[in-house]
Amino acid sequence: MPDSQRGRGYPGKRLFDLLGATLLLALLAPLLALLALCVRLKLGAPVVFRQQRPGLHGRPFVLYKFRTMTDRRDAAGALLPDAERLTPFGRWLRSSSLDELPELINVLQGAMSLVGPRPLLMEYLPRYTPAQMRRHEVKPGLTGWAQVNGRNNITWEQRFALDVWYVDHLSWRLDLRILLLTLWVTLTRQNINQEGRATIDHFMGSEGQS
């Protein structure tokens, strides 16, 4: 993709995002209300988890997701590890990807796209190589090329390589293909977690990175 197009996507991508997010929110409104009630009853408040994530060009935005973990703490008042705070209900929300549905609001706001590299943590930004940082040349997405090619069961380096491949091959045909593959991957619950782990390891930088 020419440098002049990076960050803007193909013609009509923003309109596609707006129409898709609006339609999905309208169709899924009853499910969203039911999920919000279940989260409130099983995990407490707040129902929606908010966290700052890097968006286009690494600029921060507030990401919305359904809460999946409790606030359980140890005797000293520190939060327990993620795996101990992730309940069976929360694990089901994650495995079904239903916890991601509030991100449709992020799409309407323009901070995210339906398809793009997943928004990770702000603390990862200084750990990327220049090549890996290119994943931020487009808006982050609800789903992406890495999510339909291994999801959480591939290495960070493989994931970032897939993200950059998407940046270089961005097209409406590829987005449509990813959305269809996402439906299949979600229904079959493929590669939800790293093998033997409830949550994925944090990215600490690539080996040999200076």
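Note that the coordinates shown come from a computational prediction; the quantities given were computed from them, not determined experimentally. All residue numbers in this chain count up from 1 along the given sequence.
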is_close_aromatic(Tyr128, Phe160), centroid dist under 6.0 Å: yes
Are the charged groups of Asp163 and Arg134 less than 4.0 angstrom apart, N to O? no
If you apply the rule side-chain hydrogen bond (donor to acceptor under 3.5 Å, both in side chains), what do you find for Ser97 with Glu100, and how did you get there? CA-CA 6 Å; Ser97 297; Glu100 311 282 357; 5.8 Å; no
Ile154 to Gln158 - nearest heavy-atom pair and separation: CB-OE1, 3.3 Å
With a 4.5 Å cut-off on side-chain heavy atoms, are Leu108 and Leu104 touching? no
Under 4.5 Å between side-chain heavy atoms, counting indirect links through other Ile/Leu/Val/Met/Phe/Trp/Tyr residues: same cluster for Tyr166 and Val164 or not? no
Yes or no on side chain to side chain contact (heavy atoms under 4.5 Å, CB included) for Met112 and Val107, after CA distance, side-chain angles and deciding distance? CA-CA 5 Å; Met112 291 182 63; Val107 176; 4.1 Å; yes
Any side-chain heavy atom of Arg67 within less than 4.5 Å of one from Val47? no
Is any side-chain heavy atom of Lys13 closer than 4.5 Å to one of Ser113? yes
Compare every heavy atom of Val62 with every heavy atom of Asn106, then report the nearest pair and how far apart it is. ND2-O, 2.8 Å
Between Phe203 and Trp156 (judged by ring centroids, cut-off 6.0 Å), do the two rings come close enough to count as a pair? yes
NZ/NE/NH1/NH2 to OD/OE distance under 4.0 Å, Glu103 and Arg53: no
Taking it one step at a time, do Leu170 and Trp145 satisfy side chain to side chain contact (heavy atoms under 4.5 Å, CB included)? CA-CA 10 Å; Leu170 179 61; Trp145 190 233; over 6 Å; no
Separation of Arg14 CZ from Leu114 CG (nearest 0.5 Å): 9.5 Å
Using the side chain to side chain contact (heavy atoms under 4.5 Å, CB included) rule, pick out the option among Leu101, Leu98, Thr87 that qualifies with Leu93. Leu98
Phe89 to Cys38 - nearest heavy-atom pair and separation: CZ-CB, 3.7 Å
Is Glu84 paired with Arg73 through a side-chain N to carboxylate O contact shorter than 4.0 Å? no
